[in-house]
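Worksheet for the structure shown next.
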Amino acid sequence: EFHRDPKHVSFSFDSPFGKYDQAQLQRGFQVFKEVCSACHSLKFVAFRDLKGIGYNEAEIKAIAKQWAIKTPDVDPKTGEMSTRDPIPADYFPKPFANNVAAAAANNNAIPPDLSLMTKARHHGSAYVYSLLTGFQAQPAELLKEFPDAKTPAGLHYNPYFANLNLAMAPPLTADGQVTYGDGTKATVDQMSQDVAAFLTWTAEPKLENRRRAGLATIFFLLIATGLAYMAYQNIWADKK
Ligand code: HEM
């Protein structure tokens, strides 16, 4: 068995009382914006949703300006699709014109949308982190046992990926690949954790509300149980 379960990595939001670390979500967004968004879409996230990780309206407008939205009409002079500036209500645009173009640029594999990736994979947050930090040479035992499993040209071995060989080249390869505004050292490990945290937020922006509602429900049920028990005792008090 050469496929591995995700690494053990701890996040601020792990426990039922855990919360997102807003500074980390912003760092993770920066990694997504500067690295992953070259190939991956985030089709369920609108620019204005970034309010949820602490950006204000002016910041959101400035962020949106870094993208262009394709419009259905074609520029008659160039034959290209026209574009317009995004508004905060627009969703993050896809990096490729269509799946054919996406596959052509990526060794025939289409980079999947990342909005719900941490939900689509088992232990998704740890999985994304493990995948990003898990590229390595193929172990000799694997090749000895399964010579046909040799990584084909253009693919990359990663024991955390179910197929073992994937079409994505390691996207985070050097410390300092992004420069964090909050002074955090951008090691490959740190960037991987941060973008995994950000992608956990895109998949479940209301995680904290859900947990708060759950805890309030349990608290209410405990009190209701106590009251019901006391009422029961009171009602039967004189029946011996
Ligand atoms: C697949 C994350 C950057 C191209 C994936 C998958 C994840 C991921 C989670 C899915 C693996 C699965 O299906 O379980 C990221 C992150 C990035 C990043 C977090 C930034 C840090 C890039 C870049 C490119 C790229 C820059 C293109 C140059 C692809 C391709 C696949 C893929 C082609 C499909 C692989 C296959 O099915 O064999 N990525 N990615 N990714 N990614 Fe990325």
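Whatever order the structure lists ligands and atoms in, that order sets their numbers, starting from 1. Numbers for residues simply follow the sequence, beginning at 1. Just the heavy atoms: all of them, side chains too, but no hydrogens, waters or symmetry mates, feed the values below.
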- prompt: Which option, Val195, Asn107, Val35, owns the non-hydrogen atom nearest atom 26 (C) of ligand 1?
  reply: Val35
message: Looking only at the side chains, is there a donor atom on one of Ser115 and Asp113 sitting less than 3.5 Å from an acceptor on the other?
response: yes
- prompt: atom 11 (C) of ligand 1: which protein heavy atom is closest, and how many Å away?
  reply: Tyr127 OH, 3.6 Å
field: Identity and separation of the nearest protein heavy atom to atom 37 (O) of ligand 1
entry: Phe161 CZ, 4.0 Å
message: Does either side chain, that of Thr133 or that of Ser192, offer a donor lying less than 3.5 Å from an acceptor on the other one?
response: no
- request: Apply the test ring-ring contact (aromatic ring centres under 6.0 Å, His included) to residues Tyr157 and Phe135: give CA-CA distance (whole Å), side-chain angles for both, the deciding distance (0.1 Å), then the verdict.
  value: CA-CA 6 Å; Tyr157 180 74; Phe135 291 92; 9.5 Å; no
task: Could you go through the salt bridge (charged side-chain N to carboxylate O under 4.0 Å, His left out) check for Asp90 and Arg84 one step at a time?
output: CA-CA 11 Å; Asp90 282 314; Arg84 61 169 171 81; 2.8 Å; yes
- line: Looking only at protein heavy atoms, what sits closest to atom 36 (C) of ligand 1 is Ala167 N, 3.6 Å
query: Which ligand 1 atoms, with their elements, are less than 4.0 angstrom from a heavy-atom of Met117?
result: 9 (C), 10 (C)
Distance filter under 4.0 Å to Leu166 heavy atoms, resulting ligand 1 atoms: 38 (O)
field: Path from Met117 to Leu131 over hydrophobic side-chain contacts below 4.5 Å
entry: yes
- prompt: What is the ring orientation for Phe198 with Phe32, classed by angle as parallel under 30°, tilted 30 to 60°, or perpendicular over 60°?
  reply: tilted
- line: With heavy atoms and a 4.0 Å threshold, my read on which part of Pro112 contacts ligand 1 is side chain
field: Polar proximity ligand 1 side, Arg121 side, N/O cut 3.5 Å exclusive
entry: yes
message: Return the closest protein heavy atom for atom 27 (C) of ligand 1 as residue, atom name and distance.
response: Cys39 SG, 2.1 Å
- prompt: Quick one: nearest non-hydrogen protein atom to atom 6 (C) of ligand 1, plus distance?
  reply: Leu131 CD2, 4.0 Å
- prompt: Which ligand 1 atoms, with their elements, are less than 4.0 angstrom from a heavy-atom of Leu132?
  reply: 16 (C), 19 (C)
query: Is the distance from atom 43 (Fe) of ligand 1 to the nearest N/O/S atom of His40 under 2.8 Å?
result: yes
message: I'd like to know if Val128 and Leu116 are part of one continuous hydrophobic network [Ile/Leu/Val/Met/Phe/Trp/Tyr, side-chain heavy atoms within less than 4.5 Å].
response: no
query: To which protein heavy atom is atom 33 (C) of ligand 1 closest, and what is the distance rounded to 0.1 Å?
result: Asn106 CB, 3.5 Å
field: From CA spacing to verdict: salt bridge (charged side-chain N to carboxylate O under 4.0 Å, His left out), Asp182, Arg27
entry: CA-CA 8 Å; Asp182 66 2; Arg27 292 196 303 272; 2.9 Å; yes
query: Got the closest protein heavy atom to atom 20 (C) of ligand 1, with its distance?
result: Cys36 SG, 2.1 Å
With Tyr129, the side-chain hydrogen bond (donor to acceptor under 3.5 Å, both in side chains) member among Asp194, Thr118, Asp189: Asp189
task: Provide, to 0.1 Å, the distance between atom 3 (C) of ligand 1 and the closest protein heavy atom, together with that atom's residue and name.
output: Pro171 CB, 3.5 Å
query: Can you say whether the rings of Phe146 and Phe2 are parallel (under 30°), tilted (30 to 60°) or perpendicular (over 60°)?
result: perpendicular
